[in-house]
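One structure below.
Everything numeric in this text was worked out from a predicted model, so none of it was measured. In the text below, chain A, chain B and the rest are named by the order of the sequence lines, each starting its count at 1.
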Number of protein chains: 2
Amino acid sequence: MDDLTEMLKGTLEGCVLEIIGSEETYGYAITRRLNELGFADVVEGTVYTILLRLEKNGFVQVTKRPSGQGPPRKFYALNDAGRDELAAFWVKWEYVTERIAKLKEGGK
Amino acid sequence: MDDLTEMLKGTLEGCVLEIIGSEETYGYAITRRLNELGFADVVEGTVYTILLRLEKNGFVQVTKRPSGQGPPRKFYALNDAGRDELAAFWVKWEYVTERIAKLKEGGK
DNA sequence: TAGTGGTACTCGGTACTACAAGGTACTCGA
DNA sequence: TCGAGTACCTTGTAGTACCGAGTACCACTA
């Protein structure tokens with residue numbers, strides 16, 4: 001699959017929120033998860049910038065824990081604002097995909 | 001619906017290609033069509049920049065025709081490269097929506 | 001004990017895209 | 001003649017993902 005980066009703009013953040021929402025986890029693991037899911041080109045730098053943004057916007061709660069196999073990990077969990085943001089993301093996503101599906105059918 | 005602009009990045013160009021592909025048309029009408037379809041905030045300036053990009057990249061054939069109700073219109077039609085690009089867009093779109101659906105289900 | 005590879009986070013700069021805001025210009029009806 | 005609707009264009013800005021490089025810690029092994 002060629003370059004998806006432009007298409008992922010605005011959706012990657014939602015994906016990260018979803019991953020954090022389903023389980024408290026940390027940046028490196030999130031990157032791995034996204035790669036597994038098929039977003040092969042997403043790199044660590046991107047995920048960390050998203051995580052910093054989420055933190056700055058107050059959507060997550062951060063806990064630092066020693067790792068045992070490297071430097072300490074920063075674990076992220078959603079707070080209430082984060083859950084709201086995630087819900088809003090899915091609403092937007094549904095809206096957009098629905099409209100584009102309609103467009104594709106040549107529909108009115 | 002609040003701001004969709006970030007989510008539309010990378011997909012709006014495909015939408016415009018699809019519209020042009022189904023019928024030879026012009027910028028102003030494309031904007032109207034997108035607004036009708038539910039992309040209410042898409043403005044003319046955005047569509048024109050996309051059209052110029054498509055032209056520069058050699059995906060469209062342009063024909064100027066007098067309008068009778070305003071300045072002359074620039075009609076756009078897809079050429080072979082444009083049809084290829086459109087097909088590639090849908091492949092990418094399917095890919096991304098599928099992965100995100102999987103993510104949403106919490107699936108592996 | 002030095003080297004390698006995997007884990008884990010950070011940061012500055014760049015490219016691309018959609019939008020904001022303003023302008024130009026043509027036609028028609030009041 | 002003036003406004004509204006049609007139609008196009010341009011410059012600048014903001015947001016987002018990526019690139020590339022750096023830091024650091026640990027386990028294993030030659």
Side-chain angles (χ1 to χ4, degrees), chain A residues 1-17 24-35 39-57 59-60 62-76 85 89 92 96 100, chain B residues 1-17 24-35 39-57 59-60 62-76 85 89 92 96 100:
Chain A
M1 177 66 42
D2 40 295
D3 198 29
L4 300 176
T5 84
E6 289 308 324
M7 200 172 277
L8 291 179
K9 284 192 177 170
T11 68
L12 209 45
E13 181 175 316
C15 294
V16 171
L17 278 170
E24 190 187 36
T25 181
Y26 56 98
Y28 191 78
I30 293 170
T31 310
R32 291 274 166 278
R33 180 102 172 82
L34 286 169
N35 294 153
F39 303 114
D41 298 335
V42 174
V43 294
E44 293 172 38
T46 299
V47 173
Y48 288 115
T49 56
I50 292 173
L51 290 171
L52 290 176
R53 194 161 69 230
L54 293 177
E55 189 175 355
K56 200 183 72 183
N57 292 342
F59 296 142
V60 290
V62 188
T63 316
K64 204 166 211 167
R65 302 221 185 90
S67 141
Q69 30 187 17
R73 295 168 176 161
K74 283 175 71 177
F75 280 83
Y76 292 84
E85 181 72 8
F89 167 74
K92 285 211 274 188
V96 169
I100 290 185
Chain B
M1 177 64 45
D2 40 296
D3 199 30
L4 301 175
T5 83
E6 289 308 325
M7 201 172 276
L8 290 178
K9 285 195 176 169
T11 68
L12 251 192
E13 181 175 315
C15 294
V16 171
L17 278 171
E24 190 186 36
T25 182
Y26 56 98
Y28 190 79
I30 293 169
T31 310
R32 291 272 168 278
R33 180 101 173 84
L34 286 168
N35 294 154
F39 303 113
D41 297 334
V42 174
V43 294
E44 294 171 38
T46 300
V47 173
Y48 288 115
T49 55
I50 292 173
L51 289 172
L52 289 176
R53 193 160 71 230
L54 293 178
E55 189 175 354
K56 201 183 71 182
N57 292 341
F59 296 142
V60 290
V62 189
T63 317
K64 204 169 213 166
R65 302 220 186 90
S67 142
Q69 36 183 9
R73 294 167 178 162
K74 283 176 73 178
F75 281 83
Y76 293 82
E85 183 71 9
F89 167 75
K92 284 210 275 188
V96 169
I100 290 185

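Distance, A:N35 CG to C:dT7 C1': 14 Å, rounded to whole Å. Atom C1' of nucleotide C:dA18 and atom CG of B:L51 are separated by 14 Å, given to the nearest angstrom. Across the protein-nucleic acid pair, B:K92 atom NZ and C:dT17 atom C1' stand 13 Å apart, rounded to whole Å.
In this view, B:R32 satisfies the salt bridge (charged side-chain N to carboxylate O under 4.0 Å, His left out) rule with no residue, not counting sequence neighbours. Applying the salt bridge (charged side-chain N to carboxylate O under 4.0 Å, His left out) rule to B:K74 yields the partners B:E55; only residues at least two apart in sequence or on another chain are considered. Remark: B:K9 pairs with B:E6 by the side-chain hydrogen bond (donor to acceptor under 3.5 Å, both in side chains) rule, at least two apart or across chains. Residues passing the ring pair (Phe, Tyr, Trp, His ring centres under 6.0 Å) test with B:F75 are B:Y26, sequence neighbours excluded.
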Give the B/S/- string for nucleotides 8-18 of chain D, one per nucleotide from 5' to 3', where a protein heavy atom under 4.0 Å of the base yields B, of only the sugar-phosphate yields S, and otherwise -. BBB----BBSB

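Legend: salt bridge (charged side-chain N to carboxylate O under 4.0 Å, His left out) pairs involving residues 40-53 of chain B, not counting sequence neighbours, sorted by first then second residue: B:E13-B:R53.
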